[in-house]
Amino acid sequence: MITISQLLRREIQSVKGVGEKRLKQLNKMGIHVLEDMLYYFPRNYEDRTKIKKISECIDGERICVKAMPISKVTSKRIRRGLNIYKVLLRDDTGTMTATWFNQKYTMSGLEIGQIYIFYGKVSIKYGKIEIGNPIFEKMGKQPKYMQKIVPNYPLSSTLTQKFIQTIVKNCLDIVGDSVKEYLPSWIRKKYNLSGINCAIRNIHFPNDFEAFQNARKRLVFEELFLLQMGLFKLRNEGQQLEGLKYKDVSDIEQFIIQLPFQLTKAQNKVFEEIKKDLQSGNAMHRLVQGDVGSGKTVIAVLAMYMSVKNGYQAALMVPTEILAKQHYKSFIELFKNDEEIKICLLTGSTSKKNKEIRLTDINQGKVDIVIGTHALIQEGIAFDNLGLVVTDEQHRFGVNQRTTLSQKGDNPHILVMTATPIPRTLALILYGDLDISIIDELPPGRKEVKTYSVEDDMRVRIYAFLKKQIDEGRQVYIVCPLIEESEVLDVKSAVEFLESLQNTVLRECSIALLHGKMKQTKKEEIMKQYINGDIDVLVSTTVIEVGVNIPNASVMVIESAERFGLSQLHQLRGRVGRGEYQSYCILFNNSKSKIAIERMKIMQQTNDGFKISEKDLELRGPGEFFGTRQHGIPDLKIANLFRDMELLKLAQQAANELIEQDATLHEEEHGMLKEKLRKKMQFANM
Ligand code: ADP
Ligand code: MG
């Protein structure tokens, strides 16, 4: 006997209709076994359930009409390779013309005087009604493609909708109603979820929209619920509640007073929350969200000061070398009155010899604060007594990396800082059980960065404007056109771009190039020159995206801005407006696409990072937004973390209830779920 799980794992070529050529294309789409096909969900649907009269047709809509051909097919050759075929149709309210391009075989079977249902897009010009490239079916037969809601699948090859529809149907026929349910029945009941077989059938071929909605609800819930459970398991490994209990540090007030600025109210509030955590006896797990420039660094500094004064080491992990270096410098500056505190830097480019010395120092507790990149989580690094782990710009790191660093200590306090504010429910997914603090205020005196979206025809004027700013003593960033997926090409385009500037007014200025492929020492040298003001225009790839702080820079120019997501644009823009000068962000946008224009508009309208990231999520969807791969979050097939927020909450709630009841899933009714979860996490490599 074949068990159902074997059935689902059956190879897709065993399904009727899948030949060798198409098999390859299905494989390319990630479809190898029956289950893959059943979980290959439609992108959208065509509603062919309602039939309209010809006289009711509206320009631009896709509809079904029931009509009769009343003329022979006429054909007209427009040019070589382009023929138009037309047929006149009639119902009892009027006539319309059906038009096909180049598809002679399509309408060859049409018979005058017979009644068909046509489905296609209507256009009305000068009172003449047309239906473009309609598909049709004769009335009277059992309808196959009409009077139904028809799924449209995402297609990336030459496969047709009809083909996928047929294969899905065949798969459904094979599986029948025998997919085993693995959501516990109490959860299905409580959250009103349909059964798995019903859901799978109706997500592909719903009878009506209610059936579709129910199917989707079940499948979205299932996906988010599994994700929640998976994250829970991941987090639960090695997590103890008890943590280092820090004593209050009496001279912290003193330390705060001697800072070069007064903390904002928001900074004070957040630091109080952190202090409480550190002294509670439980390990701190806290996320600090604050817009670009809101002053997160100093918060980290204060927490680390507490840690060191309690006799523990602290580590700060940042995503780029430049940023690590910059933090290192500002830490040295901030701690200059306290010679006891020893700080060291550890990055990928630290020389072998230096590295060995520093590793020994770290290991023997001769160093109090370690600042570094991913290098911090490599093997071979052992701390003496790591008490606090801070990760900055967390959205660049994955869940796993954070965990790895904290495992270098004995359940140390954890502080995570991010400039990408995200809705709370999503934060729960990404950051698990972190408590959240928000710095919702910028330091005083900041001027809004004025943002303009321009096209290429403004280039001369923009360069003149840059020149003027430089003449006034300011500095400028230009972020080069981004070429996707190839750093080598990025560099090439950056070099060409730099050369092109020699034909502009900017040739009189000092211009330098910075890109990711450069040697570390070279990068540092250029950054140093820029910081010193020896360079007027810094042309770079996106390496400057996060964190860099140069108050004299007043203009950020972003080439091919349409290629960037909103949050990234906002991060880049955050590099200016850090000093006393009015600052500007110029976005060169070459795209006329609706989304690009919408993005530019948002950038011009607001400087509020929170609003921007919400919009970003909405426009791009969370996959791209978070860069799922980096986060170890599996790709979602059907759920949309933004639009399905309500279901996400319910799924989180259900996961919590289940964990409370049976955390190890040893009860019999949770056995199927346990199995499913195990498989899922294996695939997602969680
Ligand atoms: P981000 O939150 O983007 O990491 P930073 O910590 O880099 O921001 O701070 C941005 C700039 O603001 C730095 O130059 C920092 O010295 C300054 N800054 C931070 N807090 C204050 C404050 N309370 N008052 C004035 N300037 C501040
Ligand atoms: Mg920062």
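All values below were derived from every heavy atom in this structure, side-chain atoms included, with hydrogens, water molecules and symmetry-related copies excluded. Just so you know, ligand 1 is whichever comes first in the structure, and atom 1 is the first atom listed for that ligand. Fair warning: this is a prediction, and the values are worked out from it, not measured in the lab.
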*Measure Ile439 to ligand 1 on non-hydrogen atoms and call it side chain, backbone, both or neither using the 4.0 Å cut-off.*
neither

*Please test Glu333 against Lys336 for salt bridge (Lys or Arg N to Asp or Glu O under 4.0 Å), starting from the C-alpha separation and ending with a verdict.*
CA-CA 5 Å; Glu333 181 64 25; Lys336 67 171 184 246; 2.8 Å; yes

*Contacting atoms of ligand 1, where contact means under 4.0 angstrom from a heavy atom of Leu263*: 23 (N)

_For Glu448, all residues meeting salt bridge (Lys or Arg N to Asp or Glu O under 4.0 Å), sequence neighbours excluded_ = none

*So among Gln475, Glu580, Gln469, which one has a side-chain hydrogen bond (donor to acceptor under 3.5 Å, both in side chains) with Ser554?*
Gln469

*Heavy-atom contacts with Gln262 under 4.0 Å: which atoms of ligand 1 show up? List them by number with element.*
22 (C), 23 (N), 24 (N)

*Provide the number and element of each atom of ligand 1 under 4.0 Å from a heavy atom of Arg578.*
3 (O), 7 (O), 10 (C)

*If you count the atoms of ligand 1 from 1 in the order shown, which ones are under 4.0 Å from a heavy atom of Val292?*
3 (O)

*Relative to ligand 1, is Arg446 under 4.0 angstrom through side chain, backbone, both or neither, heavy atoms considered?*
side chain

*Chi angles and distances behind the side chain to side chain donor-acceptor pair (under 3.5 Å) call for Thr373, Glu321*: CA-CA 6 Å; Thr373 55; Glu321 301 228 14; 5.3 Å; no

*Which of these passes side-chain hydrogen bond (donor to acceptor under 3.5 Å, both in side chains) with His570: Asp291, Asp608, Asn607?*
Asp291

*asked:* Does only the side chain of Gln267 get under 4.0 Å from ligand 1, or the backbone, or both, or neither? Count heavy atoms.
replied: side chain

*Given the rule in the salt bridge (Lys or Arg N to Asp or Glu O under 4.0 Å) test, do Glu441 and Lys269 qualify, once you have shown the distances and angles that lead to the verdict?*
CA-CA 11 Å; Glu441 173 185 12; Lys269 180 194 74 192; over 6 Å; no

*asked:* I'd like to check which ligand 1 atoms, numbered from 1 as shown, lie under 4.0 Å from a non-hydrogen atom of Asp291.
replied: 2 (O)

*Shortest reach to atom 25 (C) of ligand 1 by a heavy atom, considering only Pro443, Ala266, Gly295*: Pro443

*May I ask you to identify, for Thr264, whether its side chain, its backbone, both or neither come under 4.0 Å of ligand 1 on a heavy-atom basis?*
both

*asked:* At less than 4.0 angstrom from any non-hydrogen atom of Thr297, what atoms of ligand 1 do you find?
replied: 4 (O), 5 (P), 6 (O), 7 (O)

*Count the heavy atoms belonging to other residues, nucleotides or ligands that lie under 6.0 Å from CD of Gln604, then report whether that count exceeds 12.*
yes

_Close approach, Ser294 and ligand 1, non-hydrogen under 4.0 angstrom_ = yes

*Approximate separation, where rounding is to 0.5 Å, of Lys245 NZ and Gln279 CD*: 8.5 Å

